[in-house]
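A short write-up of the structure that comes next.
The structure presented is a predicted model; accordingly, all values stated were derived computationally and were not measured. By convention here, the first residue in the shown sequence is residue 1.
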Amino acid sequence: MKLSVLSGIVANALTASAGTILWDGRFNDFTSATDLNNWSWGNQVGPYQYYIHGASPVTSYVNLSPDYKNPADSGSKQGAKITLDNTAYWNGQNMRRTELIPQTSAAINQGKVYYHFSLMRKDVNAPATTREHQIAFFESHFTELKSGWLSGAPGISDPLLRWCVGGDTKWSVNWDADVWHNVAYEIDFSAGTVGFWHSTGSSPLTQKVAPVKASTSSNGADWHVGVLELPRSGYPDTNEDYYWSGVYIESGSLTTSVAGPGAPPVVDTTSTIKTTSSTAQVSTSTTFSTSTTSVRTTSTTSSAPAATTTPSGCTAGQYAQCGGVGFSGCTTCAVGFTCKFSNDWYSQCL
């Protein structure tokens with residue numbers, strides 16, 4: 001086997017298929033959570049609207065750090081810790097709330113789209129099991145995660161993390177500490193259906209619930225990245241932390257890798273390619289052998305960006321991906337935005 005042919009096979013193995021990012025909320029362009037303060041109704045900048053929170057400084061409710069992201073999410077530079085404390089009451093309500101809203105004019109409420117995020121809790125400042133929490137929800141609550149005791153249910157507490165459609169539980173799991181739950185809502189706004197994809201840790205997403213009918217109602221500005229806690233008499237407030245990673249919305253094909261778009265794809269280190277004259281094996285320390293040539297390298301990723309094919313005449317909106325290894329979407333940004341290089345794997349319209 002010629003090395004040029006082998007190189008092509010390896011290059012193909014390194015190319016991961018993915019959809020088109022409509023909105024990117026992965027906090028990659030934030031220097032700190034205080035950047036959220038730059039947004040206002042009169043100055044709608046950045047990827048998030050920031051207004052559903054208590055009266056304390058932003059760092060009482062949202063903090064960013066590489067330590068807060070799923071380690072497998074190499075497409076994110078950092079994750080977010082979203083907090084409920086005894087001041088987290090918004091606009092005079094009796095519910096504690098800390099929520100971020102996508103700031104975008106992209107078509108995130110049209111056709112079939114995938115809403116991605118990863119969620120984790122710790123034993124320190126754990127969400128109360130004695131109150132209902134609505135997480136990653138739409139204002140019409142046609143789909144959402146819920147944790148804790150559901151209002152009106154029997155008993156005192158509930159340890160489950162649930163995926164609900166119209167308030168009905170369609171999937172659930174015990175919400176253990178230090179486990180990253182990777183989620184994609186498969187929402188078809190045209191067909192009026194919603195499905196559920198899930199994995200834990202670094203495992204790729206798999207479909208847990210096939211699309212079911214739902215009242216898919218959204219104006220494109222009402223998905224809440226955060227948590228709303230319903231009050232319950234006799235159970236005092238405690239500090240609660242929710243860790244978020246890999247938040248973005250895409251159309252087209254579903255990205256199942258937790259690494260996410262814009263991240264170097266993972267090579268299957270167990271695969272072996274055989275021909276009648278030679279064997280090529282990809283491993284942590286990769287060795288390519290032929291009858292006349294032996295090449296050794298210590299990397300399993302390609303050092304040169306692969307060529308891409310771009311649809312003619314299309315443009316990418318604000319915050320959309322516009323370049324990178326294996327990317328085959330629009331490389332021209334809409335008027336007013338420029339395709340900014342981040343790394344070999346990802347460029348974005350800003």
Side-chain angles (χ1 to χ4, degrees), residues 25 33 36-37 39-41 48-63 68 80-103 115 117 119-170 172 175 181 183 185 194 214-244 247:
L36 290 167
N37 288 327
W39 181 91
S40 68
W41 291 115
Y48 286 105
Q49 299 177 12
Y50 179 65
Y51 66 94
I52 300 180
H53 54 79
S56 296
V58 62
T59 51
S60 294
Y61 311 115
V62 183
N63 286 277
Y68 299 158
K81 180 176 70 174
I82 291 182
T83 297
L84 298 179
D85 65 11
N86 61 5
T87 71
Y89 291 92
W90 174 66
N91 204 26
Q93 296 181 351
N94 64 348
M95 299 174 287
R96 295 198 298 173
R97 305 179 65 173
T98 302
E99 300 150 31
L100 305 176
I101 313 295
Q103 173 62 57
Y115 282 58
F117 61 93
L119 182 70
M120 188 267 286
R121 76 164 181 90
K122 294 181 177 293
D123 278 330
V124 176
N125 293 341
T129 60
T130 54
R131 292 186 179 184
E132 178 176 323
H133 300 87
Q134 300 168 356
I135 305 167
F137 62 91
F138 289 82
E139 288 183 9
S140 65
H141 295 277
F142 72 84
T143 191
E144 62 197 328
L145 292 184
K146 288 188 177 184
S147 75
W149 177 84
L150 300 184
S151 297
I156 296 174
S157 65
D158 189 331
L160 298 181
L161 179 68
R162 305 166 179 268
W163 177 63
C164 300
V165 176
D168 295 330
T169 300
K170 301 296 183 181
S172 65
W175 195 5
H181 291 273
V183 170
Y185 297 161
V194 58
S215 299
T216 51
S217 173
S218 172
N219 64 4
D222 66 340
W223 186 50
H224 297 241
V225 179
V227 58
L228 179 156
E229 180 190 66
L230 297 180
R232 188 181 183 191
S233 178
Y235 295 87
D237 295 342
T238 59
N239 288 352
E240 300 179 357
D241 292 330
Y242 301 76
Y243 296 84
W244 296 76
V247 184

Mind checking whether [X] and [Y] have side chains closer than 4.5 Å, heavy atoms only?
X: Y51; Y: I101; value: yes
X: T87; Y: Y61; value: yes
X: L119; Y: W244; value: yes
X: L230; Y: R131; value: no
X: R96; Y: Y89; value: yes
X: L161; Y: R121; value: no
X: L84; Y: V227; value: yes
X: W163; Y: V194; value: yes

[X] vs [Y] aromatic rings, parallel, tilted or perpendicular, using cut-offs 30° and 60°?
X: Y50; Y: H53; value: parallel
X: Y185; Y: F117; value: perpendicular
X: Y242; Y: H133; value: tilted

Item to complete: Would you sort out whether Y48 and V62 count as a side chain to side chain contact (heavy atoms under 4.5 Å, CB included), showing the intermediate values?
Response: CA-CA 12 Å; Y48 286 105; V62 183; over 6 Å; no
Closest contact, heavy atoms only, [X] versus [Y]:
X: Y68; Y: N63; result: CD1-O, 3.5 Å
X: S151; Y: E132; result: N-OE1, 2.9 Å
X: K146; Y: C164; result: CD-SG, 4.0 Å
X: Q49; Y: A221; result: NE2-CB, 4.5 Å

Mind checking the [atom1]-[atom2] spacing from [X] to [Y]? Nearest 0.5 Å is all I need.
X: E99; Y: L228; atom1: CD; atom2: CG; answer: 5.5 Å
X: R232; Y: W149; atom1: CZ; atom2: CH2; answer: 4.0 Å
X: I135; Y: L145; atom1: CD1; atom2: CG; answer: 6.0 Å
X: D123; Y: N125; atom1: CG; atom2: CG; answer: 10.5 Å
X: Y235; Y: T129; atom1: OH; atom2: OG1; answer: 9.0 Å
X: N86; Y: S60; atom1: CG; atom2: OG; answer: 9.5 Å

Is a donor on one side and an acceptor on the other found under 3.5 Å between the side chain of [X] and the backbone of [Y]?
X: T98; Y: T83; value: yes
X: S140; Y: S217; value: yes
X: Q134; Y: E144; value: no

Fill in: Residue pair W90, M95: steps toward the side chain to side chain contact (heavy atoms under 4.5 Å, CB included) verdict
CA-CA 8 Å; W90 174 66; M95 299 174 287; over 6 Å; no
Fill in: Chi angles and distances behind the side chain to side chain contact (heavy atoms under 4.5 Å, CB included) call for R162, L150
CA-CA 10 Å; R162 305 166 179 268; L150 300 184; 3.7 Å; yes
